[in-house]
Each structure stands twice: as structure tokens, then as C-alpha cells.
Amino acid sequence: MRGSGGGTAEDRHRYPFGLADPAYAAAHGYDKYAGEGMPAKSPVPQLSDSAYVVMNGEQPGAQSGAAPDANTEEEAAQLDSGLTAGGQKVPAGGCAREGYRKLYAPTKDSVDLLFTFGPASEAHERSRQDSRVVEMLKNWPACMDKSGYGGIATPYEVIEKAGLENDKGGAKAVTAAKADVACKREVNLVGIWAAVEKAYQGRLVEEHAETLALYKKQRDARFKLAASLV
């Protein structure tokens with residue numbers, strides 16, 4: 001498993017317990033791109049003024065957020081953007097927002113696309129405050145201190161506290177990563193934390209069972225709709 005010793009939101013979702021794979025640590029340290037570098041993003045095409053209006057539902061240079069918009073496609077049906085292009089009315093929020101609403105928010109009972117991230121994050125935060133995890137997280141820094149990495153309180157701080165921001169895959173980072181993973185194994189960090197977090201996840205699944213069932217039903221419908229458009 002690729003891992004990270006950083007604390008960004010992306011890292012915490014992808015690697016909730018930080019770096020955990022000894023082979024990856026020995027080969028790449030904390031470089032989550034494995035020496036290949038961050039994937040290049042395609043340049044954003046320049047839109048003509050009329051294309052901008054169609055895409056965004058507002059005139060170029062207009063104050064952002066001032067144009068009419070809607071949270072659901074039901075609401076959008078009652079709104080007039082006041083804009084036209086090619087003799088046709090531009091939907092509220094433009095085609096970008098219309099596409100989102102049709103796929104993810106057609107009706108007022110549509111469950112937010114990101115809903116599941118809420119319970120997932122809550123379970124993780126609850127687990128961090130659990131006495132079993134709190135105790136275990138006292139042992140990991142103590143192990144790291146013995147390995148020469150003092151003053152690092154959590155696995156999310158390794159890159160910053162060890163000064164690895166500019167070379168996450170270099171020799172210094174590899175040495176730190178190997179110590180990090182070894183200490184995690186010594187105190188059974190992943191085993192304890194994952195078990196505790198799983199228990200909290202189960203409780204939250206029960207608490208949100210009705211909403212999650214609706215989310216799954218709507219997600220399946222979204223997949224079918226998206227497949228029909230390809």
C-alpha cells in the first residue's frame with residue numbers, strides 16, 4: 001500500500017494511518033508518486049465569450065455567484081437565467097451545473113454526493129479520541145524517539161517535523177519512512193487503530209442506515225444514467 005507521512009485531507013482519506021508498507025517505505029520513502037512525479041494536468045481550453053456563458057451561466061467577468069442557480073434540477077426548472085445562446089435559453093448555472101444537477105441532484109431528496117465522507121471522517125476522528133488509540137499513539141512517538149526522530153506526535157507530522165518536504169523520496173526520507181513503519185508494527189498501530197475505527201464505522205452505518213440505503217439506490221441510478229450517456 002502506498003502511504004504518506006503528510007497531513008493533507010487527500011492523504012488522510014487515502015492513507016488514514018500514514019505509511020504502512022515496509023517495502024514501499026524502503027523503495028520510495030514518502031514519495032506517493034513513486035519517483036514518477038505528479039501527473040501533469042491537461043491545459044484548460046480557452047472558451048469564447050458565448051461558450052463561457054453556456055458553460056457557466058453568466059457573462060465573462062460577472063461577479064461570481066451573482067447569477068441565478070439552483071441546488072436541484074427541480075428548482076432549476078423554475079429559474080430563468082436570463083441568458084440565451086444560439087437562440088436557446090441557457091440553464092441556470094450553465095451546462096456545467098445542469099449536468100451536475102441531472103446526475104447528482106435531480107430532486108429535493110437527492111443525497112449529497114459526498115455524504116459518505118462525513119461518517120467516514122467522523123469515525124476516524126472518534127477513533128483518534130478512543131482511549132485504546134490514545135494509548136497506542138503514546139507508544140509510537142516513544143519508538144520514533146528511540147530511532148532518532150523525537151518531537152513527532154503523530155504519523156501525520158513525519159514529513160514536516162523531519163524536514164522532508166523537498167525530498168520525500170530521497171535517502172533521508174527512506175530512512176525515516178523505514179523507522180516510521182517499523183515503529184507502527186512494533187506498537188501494532190494499524191491493527192489497533194483499524195479495529196477501533198471499524199467499530200465506530202459500524203455504529204455510524206447503523207445510525208445513518210436509512211440515508212445510506214437511499215444513497216445506494218440513487219448511486220446505482222446515477223451509474224445507469226451515466227452509462228447511458230456514453
Side-chain angles (χ1 to χ4, degrees), residues 1-4 6-21 32 55-58 64-81 89-137 140 154-156 184 188-230:
M1 160 180 156
R2 293 188 178 187
S4 170
T8 67
E10 177 192 359
D11 287 338
R12 294 194 187 194
H13 277 300
R14 294 178 65 187
Y15 320 112
F17 313 115
L19 181 60
D21 184 344
K32 59 186 176 184
M55 180 64 71
N56 299 292
E58 61 184 14
S64 180
D69 198 359
N71 293 321
T72 69
E73 194 61 10
E74 283 181 340
E75 294 176 12
Q78 309 302 317
L79 280 180
D80 185 351
S81 69
K89 286 188 175 182
V90 175
C95 289
R97 282 289 293 161
E98 182 185 47
Y100 174 88
R101 290 190 301 262
K102 285 187 174 182
L103 191 58
Y104 299 117
T107 60
K108 63 182 179 181
D109 71 340
S110 298
V111 181
D112 191 288
L113 172 66
L114 302 178
F115 172 78
T116 55
F117 285 95
S121 296
E122 184 176 347
H124 188 64
E125 288 306 310
R126 286 189 186 184
S127 71
R128 289 188 68 171
Q129 299 171 31
D130 186 281
S131 60
R132 293 163 290 183
V133 173
V134 169
E135 185 61 30
M136 176 271 298
L137 284 176
W140 178 83
T154 75
Y156 305 124
K184 285 190 175 88
N188 193 22
L189 183 147
V190 175
I192 293 172
W193 202 340
V196 172
E197 184 166 332
K198 181 180 179 181
Y200 282 113
Q201 288 173 344
R203 295 179 192 178
L204 288 166
V205 166
E206 291 180 1
E207 289 179 24
H208 299 287
E210 185 175 342
T211 303
L212 287 170
L214 181 59
Y215 178 91
K216 183 179 184 303
K217 179 180 178 181
Q218 293 178 355
R219 183 199 61 186
D220 292 344
R222 288 165 182 161
F223 287 163
K224 288 181 181 179
L225 175 58
S228 73
L229 300 175
V230 177

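Residue numbers run from 1 in the order of the sequence given. Computation of the quantities below employed the complete heavy-atom set of this structure, encompassing side-chain atoms and omitting hydrogens, waters and symmetry-equivalent molecules. Computed from a prediction, not measured in an experiment: that's the story for all the values here.
Smallest separation of non-hydrogen atoms from Ala70 and Ala76: CB-N, 3.5 Å. Across Glu197 and Ser127, no two heavy atoms sit closer than the pair OE1-OG, 3.6 Å. The two residues Gly57 and Ala67 make their nearest non-hydrogen contact at O-CB, 3.4 Å. Contact detail for Asp69 and Gly93: the closest heavy-atom pair is OD1-CA, 3.9 Å.
At least one donor-acceptor pair under 3.5 Å links the side chain of Ser81 to the backbone N or O of Val90. Listed for the Arg97 side chain is no donor-acceptor partner under 3.5 Å among the backbone atoms of Ala92. For Lys184 (side chain) and Leu19 (main-chain N/O), a donor-acceptor pair under 3.5 Å exists by modelled atom type.
Looking at heavy atoms from C-beta onward, Thr154 lies in side-chain contact with Arg128 at the 4.5 angstrom threshold. Considering only heavy atoms from C-beta on, Phe17 stays 4.5 Å or farther from Pro155 through its side chain.
Pairs engaging residues 105-123 under the salt bridge (Lys or Arg N to Asp or Glu O under 4.0 Å) rule: Glu122-Arg126 [sequence neighbours left out]. Screening residues 221-230 for side chain to side chain donor-acceptor pair (under 3.5 Å), with sequence neighbours left out, gives no hits.
Applying the salt bridge (Lys or Arg N to Asp or Glu O under 4.0 Å) test to Glu73 and every residue at least two apart in sequence or in another chain returns Arg101. For Tyr104, the ring pair (Phe, Tyr, Trp, His ring centres under 6.0 Å) partners at least two apart in sequence or on another chain are Tyr100. Taking the salt bridge (Lys or Arg N to Asp or Glu O under 4.0 Å) definition, one finds that Glu58 meets it with nothing, sequence neighbours left out.
A distance of 11.0 Å separates CG in Leu79 from NZ in Lys89, rounded to the nearest 0.5 Å. In this structure, CE on Met136 lies 10.5 Å from CH2 on Trp140, to the nearest 0.5 angstrom. A distance of 10.5 Å separates OG1 of Thr107 from CD of Glu75, quoted to the nearest 0.5 Å.
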Inset, instruction - Mind running side chain to side chain contact (heavy atoms under 4.5 Å, CB included) on Leu189 and Val133 for me, showing each step along the way? - result: CA-CA 8 Å; Leu189 183 147; Val133 173; over 6 Å; no

Contacts table for residues 200-217: side-chain donor-acceptor under 3.5 angstrom, sequence neighbours left out:
residue: Tyr200; atom: OH; partner: Asp130; partner atom: OD2; Å: 2.8
residue: Tyr215; atom: OH; partner: Leu113; partner atom: O; Å: 3.2
residue: Lys216; atom: NZ; partner: Asp220; partner atom: OD2; Å: 3.3

